[in-house]
Protein chains: 2
Amino acid sequence: MATQISLDDTFAALADPTRRAILARLLDGEASVAELAQPFALTVRAISKHVGVLEQAGLVTRSRSAQKHLSRIELKPLRDIDRWLDGYRKLWEGRFDRMEDLLRRDADKPE
Amino acid sequence: MATQISLDDTFAALADPTRRAILARLLDGEASVAELAQPFALTVRAISKHVGVLEQAGLVTRSRSAQKHLSRIELKPLRDIDRWLDGYRKLWEGRFDRMEDLLRRDADKPE
DNA sequence: TAGTTCTGGAACTAGTTGGTTCTATAAAGC
DNA sequence: GCTTTATAGAACCAACTAGTTCCAGAACTA
């Protein structure tokens with residue numbers, strides 16, 4: 001089984017704009033570290049570390065083709081976040097006053 | 001205007017299980033710091049700091065009623081994450097082989 | 001007024017993060 | 001075989017984080 005990824009790691013990995021940009025780039029297809037580094041004013045090593053963080057968080061897998069290690073986006077952790085959001089989504093999808101009701105539900109309870 | 005919140009801050013705030021638990025608790029209604037601290041083996045001060053982080057990230061607003069400062073969940077940053085996910089959601093909602101096509105689209109380009 | 005309750009500020013600590021540089025290794029190209 | 005290219009390991013640094021303890025202030029309670 002693919003070692004369980006925590007929401008902690010996923011959220012932490014996504015909390016960096018460089019890493020989110022790398023993920024977005026990977027929507028266009030697999031890429032090597034050098035290719036991923038190209039748009040940034042950072043060393044290739046720094047980008048390599050960012051990819052490592054994404055890999056740790058399960059958001060990226062790598063396959064080496066010759067010297068190039070191709071990175072590829074993995075969707076499962078994103079789906080996990082999506083499912084986590086489900087618990088809150090109903091609050092903004094309902095009518096606004098119903099949302100207010102939910103939020104205040106306990107506040108008026110006699111305890 | 002309510003000072004613009006960055007995805008960086010939102011993701012970072014959500015990368016901590018204590019803070020996610022606090023948010024979940026706030027689904028049941030507003031609560032004071034002391035109330036929020038009750039389920040945790042942490043000092044009230046530590047929880048107060050966590051609430052501060054959530055507040056910084058726009059996930060919580062506070063209103064003081066007497067000494068009690070009531071925290072309330074705010075949904076906008078969560079909706080922002082939901083919208084950010086939109087860019088990826090189509091990949092796991094489509095048929096799997098179409099997703100594969102998208103991912104490999106560039107890999108086979110003659111360049 | 002005095003005491004209690006609720007919270008935030010300040011100062012500190014240990015551990016983590018995001019970046020650097022320099023070095024090593026593995027595969028391709030000549 | 002030597003050189004180049006692509007990447008990761010190691011060591012380092014400055015900044016930030018999550019926690020603590022101690023103290024101060026604001027507002028209820030008696």
Side-chain angles (χ1 to χ4, degrees), chain A residues 5-26 29-73 77 106-107 111, chain B residues 5-23 25-26 29-73 106-107 111:
Chain A
I5 305 295
S6 68
L7 278 179
D8 286 34
D9 290 340
T10 308
F11 277 124
L14 295 174
D16 184 286
T18 304
R19 288 194 290 263
R20 289 199 305 280
I22 289 172
L23 264 201
R25 162 63 183 81
L26 290 177
E30 299 178 333
S32 68
V33 172
E35 285 162 355
L36 291 174
Q38 190 258 323
F40 300 100
L42 291 173
T43 59
V44 173
R45 187 69 188 94
I47 298 300
S48 162
K49 282 191 172 186
H50 278 305
V51 174
V53 172
L54 289 169
E55 196 175 20
Q56 275 296 116
L59 285 158
V60 153
T61 51
R62 285 198 259 192
S63 60
R64 57 196 322 158
S65 139
Q67 321 99 306
K68 294 197 176 186
H69 305 195
L70 292 181
S71 293
R72 173 176 184 159
I73 191 171
D106 278 18
E111 169 63 26
Chain B
I5 304 296
S6 68
L7 278 179
D8 287 34
D9 290 340
T10 308
F11 278 124
L14 294 175
D16 184 286
T18 304
R19 288 195 288 263
R20 289 199 304 279
I22 290 173
L23 264 200
R25 163 63 184 80
L26 291 178
E30 298 178 333
S32 68
V33 172
E35 286 163 354
L36 290 173
Q38 190 259 322
F40 301 100
L42 292 174
T43 59
V44 173
R45 188 71 187 91
I47 299 300
S48 160
K49 283 190 172 187
H50 278 305
V51 175
V53 172
L54 289 169
E55 196 175 21
Q56 275 297 116
L59 286 158
V60 152
T61 50
R62 285 197 259 192
S63 59
R64 58 194 323 157
S65 139
Q67 324 97 305
K68 295 196 176 186
H69 304 195
L70 293 181
S71 293
R72 173 177 183 160
I73 191 173
D106 278 20
E111 169 64 26

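Chain letters run A, B, ... following the sequence lines, proteins first and then strands; every chain starts at 1. The figures here come from the full heavy-atom set of this structure, side chains too, leaving out hydrogens, waters and symmetry mates.
When each of Leu26(B), Leu59(B), Leu54(B) is tested with Ser71(B) by the rule side-chain contact (heavy atoms from CB on, under 4.5 Å), just one qualifies, namely Leu26(B). Residue Ile73(B) is tested with Leu23(B), Thr61(B), Ile22(B) for a side-chain contact (heavy atoms from CB on, under 4.5 Å); the sole match is Leu23(B).
dT7(C) atom P lies 13 Å from atom CD of Glu30(B), rounded to whole Å. Per the geometry, CD belonging to Gln56(B) stands 13 Å off P belonging to dG8(C), to the nearest Å. Between the CG atom of Leu42(A) and the C1' atom of dT21(C) there is a distance of 14 Å, rounded to whole Å. Atom pair Ile47(B):CD1 and dG9(C):P shows a separation of 17 Å (rounding to whole Å applied).
At a threshold of 4.5 Å between non-hydrogen side-chain atoms, the residues Gln56(B) and Asp9(B) do not count as touching. Between Arg62(A) and Val51(A) there is a side-chain heavy-atom pair separated by less than 4.5 Å.
From Leu42(A), atom CG reaches atom NE2 of His50(A) across 6.0 Å, with rounding to the nearest 0.5 Å.
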message: Walk along nucleotides 3-10 of chain D from 5' to 3' and tag each nucleotide B, S or - by protein heavy-atom contact under 4.0 Å, base first, then sugar-phosphate.
response: --BSSBBB
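Around atom CD of Glu55(B), more than 12 heavy atoms belonging to other residues, nucleotides or ligands sit under 6.0 Å away.
Arg20(B) places a side-chain N or O within donor-acceptor distance of the main-chain N or O of Leu14(B), the cut-off being under 3.5 Å. Between the side chain of Arg19(B) and the backbone N or O of Ala13(B) there is at least one donor-acceptor pair closer than 3.5 Å.
A heavy atom closer than 4.0 Å to some atom of DNA chain C occurs in no member of residues 13-22 of chain B.
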